[in-house]
Amino acid sequence: MAKINPNYEKLSAGYLFPEIARRTNQFLSENEGTQVMRLGIGDTTEPIVPSVIDGLHRGVDSLGNTESYTGYGPAEGITQLREAIAGFYNEQGANIDASEVFVSDGAKSDSANIQGIFSDDCVVAVQDPAYPVYVDSNVIAGRTGLAGENGYDGLVYMPCTEENSFFPELPKGKVDLIYLCSPNNPTGAVATKEQLKSFVDYARENKAVILFDSAYASFITDSHLPKSIYEIEGARECAIELNSFSKTAGFTGVRLAWTIVPKTCLAEDASEGVLHSLWTRRQNTFFNGASNIVQSGGISVLEAEGRAQTGRQVAFYLENASIINSGLQAKGITTYGGGNAPYVWLKTPNNLTSWDFFDKLLTECHVVGTPGSGFGPAGEGFFRLSAFGHRENVEAAVSSIKENLMV
Ligand SMILES: *Cc1c(COP(=O)(O)O)cnc(C)c1O
């Protein structure tokens, strides 16, 4: 008899975004003719820049000629793109070889899949709040018990609070896999070099592996803040990094990302090179590579003109974040994030729960955001606003908050 994977039944009911959609639709059906302004989901809104469109076109055109046609490429990615990505790291003072770069179709799928090369009995630590896939992929893999009031049994939650400026303390005991995301979704906080160094030192002492998600690295404007964990001494021994073209280049629908597995990265029972060869094996077994058209677009993102044009687009989103921050602060609301990240993390006024604030913002201002509690227990009492949006929509949402929110 075919039996299902029972771990799926452990997933906490009411996934965040469907519940947001349900409440929004209910509001719209009860208030006909009303428009809502969405600062909820973290999806890009501005068109792909011209130099990258050219790169995508080159990818298409090369498929129409016998001489330049290509079929399957290497599962790890086209050499030219892997070299461009490695070159980008080396410029930042992070020593990465092209053979350590694995191109993929998404950092979400990579962050879900990467746990598969580790043992089932690894103890997993996550920042709380966190991007949900880190938790859910480990629940499905059977590394946790059931979900209760304070999260899943067996999972180590590292609270990110106002008191620790949204960067966690080191785990008390020994953990094996540690998920870190900086700039952080949802809090918008960015780890300093010293903060990352404390985790790198912990990981080396405990033979743990850090899974570092830097999908928003291009939003860092403060030059003292690290864009890659490999800027930290010792990280090549203990860290795997995931990054993506999604937010940097508007590729959320195009799909292109990469994962770095250094050859020097160790595990408790694995010497140098083993994790690298397991991920090579995993990708070659389950994956046939990212689209060659899309990889051609990725190459242009990393060229000088592509960097200049995508850099201006990232700056545009950061201006949106600054408009959101000023508007909320004018209402006396405490906000975090936004300076080096496309998310503003606000403390709900009058100690409202995240969902009560969601309803208040929707009914009073017609603005949709994301309840912090949907990202983990420590997100309760906080709320995420996304800076992805057309300028006029962001301005309209902020004006509505300023005029209509009753605090
Ligand atoms: C958007 C996002 C990604 C990117 O995922 P893709 O699958 O590459 O689109 C990765 N990590 C975090 C935290 C994100 O918010």
Side-chain angles (χ1 to χ4, degrees), residues 15-17 20 38-46 48 52 77 81 85 101-115 126-138 158 160 166-168 178-191 210-220 227-229 239-260 283 286-287 289-291 294-295 297-298 301-302 310 313-314 317-318 321 337-338 340-345 369-370 372 374-376 379 384-389:
Y15 181 60
L16 180 60
F17 291 104
I20 291 173
R38 293 173 200 273
L39 295 181
I41 296 180
D43 192 5
T44 48
T45 55
E46 302 309 297
I48 292 175
V52 176
L81 179 57
I85 293 169
V101 177
F102 294 82
V103 175
S104 76
D105 61 0
K108 185 177 191 179
S109 36
D110 281 358
S111 52
N113 292 330
I114 194 75
Q115 49 76 29
V126 292
Q127 281 172 285
D128 175 20
Y131 187 49
V133 66
Y134 313 146
V135 172
D136 290 356
S137 58
N138 280 291
M158 304 184 291
C160 297
F166 303 99
F167 190 80
I178 304 166
Y179 289 82
L180 293 178
C181 177
S182 172
N184 191 270
N185 178 7
T187 68
V190 187
I210 298 170
L211 304 166
F212 188 73
D213 185 340
S214 61
Y216 297 98
S218 59
F219 289 77
I220 295 178
K227 294 186 172 180
S228 163
I229 196 162
I240 290 174
E241 180 163 309
L242 307 104
N243 201 329
S244 171
F245 289 91
S246 281
K247 313 301 170 19
T248 303
F251 271 28
T252 51
V254 175
R255 314 302 305 139
L256 191 66
W258 70 84
T259 290
I260 310 277
Q283 290 302 77
F286 289 176
F287 186 54
S291 153
V294 167
Q295 292 189 71
V301 173
L302 293 171
T310 55
Q313 190 164 80
V314 163
Y317 289 128
L318 287 172
N340 296 280
Y343 297 114
V344 171
W345 187 240
T370 313
F375 297 98
R384 190 190 79 173
L385 291 177
S386 159
F388 293 114

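Counting starts at 1 for both ligands and their atoms, following the listed order. Predicted model only: the values in this text are computed from it and were never measured.
Of the protein's non-hydrogen atoms, the one nearest atom 9 (O) of ligand 1 is Ser246 OG, 2.6 Å. The shortest contact between atom 5 (O) of ligand 1 and any protein heavy atom is with Lys108 N, 3.5 Å. The nearest protein atom to atom 7 (O) of ligand 1, hydrogens excluded, is given as Arg255 NH2, 2.7 Å; this is a heavy-atom distance. Scanning the protein heavy atoms around atom 15 (O) of ligand 1, the nearest turns out to be Tyr216 OH, 2.5 Å. Among protein heavy atoms, the minimum distance from atom 3 (C) of ligand 1 is reached at Lys247 NZ, 3.4 Å. In this structure, atom 13 (C) of ligand 1 lies nearest to the protein heavy atom Asp213 OD2, 3.3 Å.
A side-chain donor-acceptor contact under 3.5 Å links Ser109 to the backbone of Gly106.
In this structure, a donor-acceptor pair under 3.5 Å is absent between the side chains of Thr248 and Thr310.
The CD1 atom of Ile240 sits 12.5 Å away from the CG atom of Asp213 when rounded to the nearest 0.5 Å.
Across every non-hydrogen atom of Met158 and Tyr179, the tightest pair is CE-O, 4.1 Å. Looking at every heavy atom in both residues, Ser214 comes nearest to Lys227 through CB-O, 3.9 Å. When all heavy atoms of Gly77 and Gln295 are compared, the closest pair comes out as CA-OE1, 3.4 Å.
Per-residue contacts place Ala215 under 4.0 angstrom from the following atoms of ligand 1 (heavy atoms of the residue considered): 3 (C), 10 (C), 11 (N). Interface of Cys181 with ligand 1, defined as ligand atoms under 4.0 Å from a residue heavy atom, comprises 13 (C). Close approach of ligand 1 to Gly106 is summarised as follows: ligand atoms under 4.0 Å from at least one heavy atom of the residue are 7 (O), 8 (O).
In terms of polar-atom proximity, Ala257 is not counted as a contact of ligand 1, lacking any N or O under 3.5 Å from an N or O of the ligand. Close N/O approach between Ser109 and ligand 1 is not found [any backbone or side-chain N/O within under 3.5 Å]. In terms of polar-atom proximity, defined here as any N/O pair under 3.5 Å, Asn185 does make such a contact with ligand 1.
Aromatic ring pairs are classed by plane angle as parallel below 30°, tilted from 30° to 60° and perpendicular above 60°; the pair Phe388 and Tyr216 is tilted.
Taking the side chain as every heavy atom from C-beta outward, Asn185 and Phe375 approach each other to under 4.5 Å.
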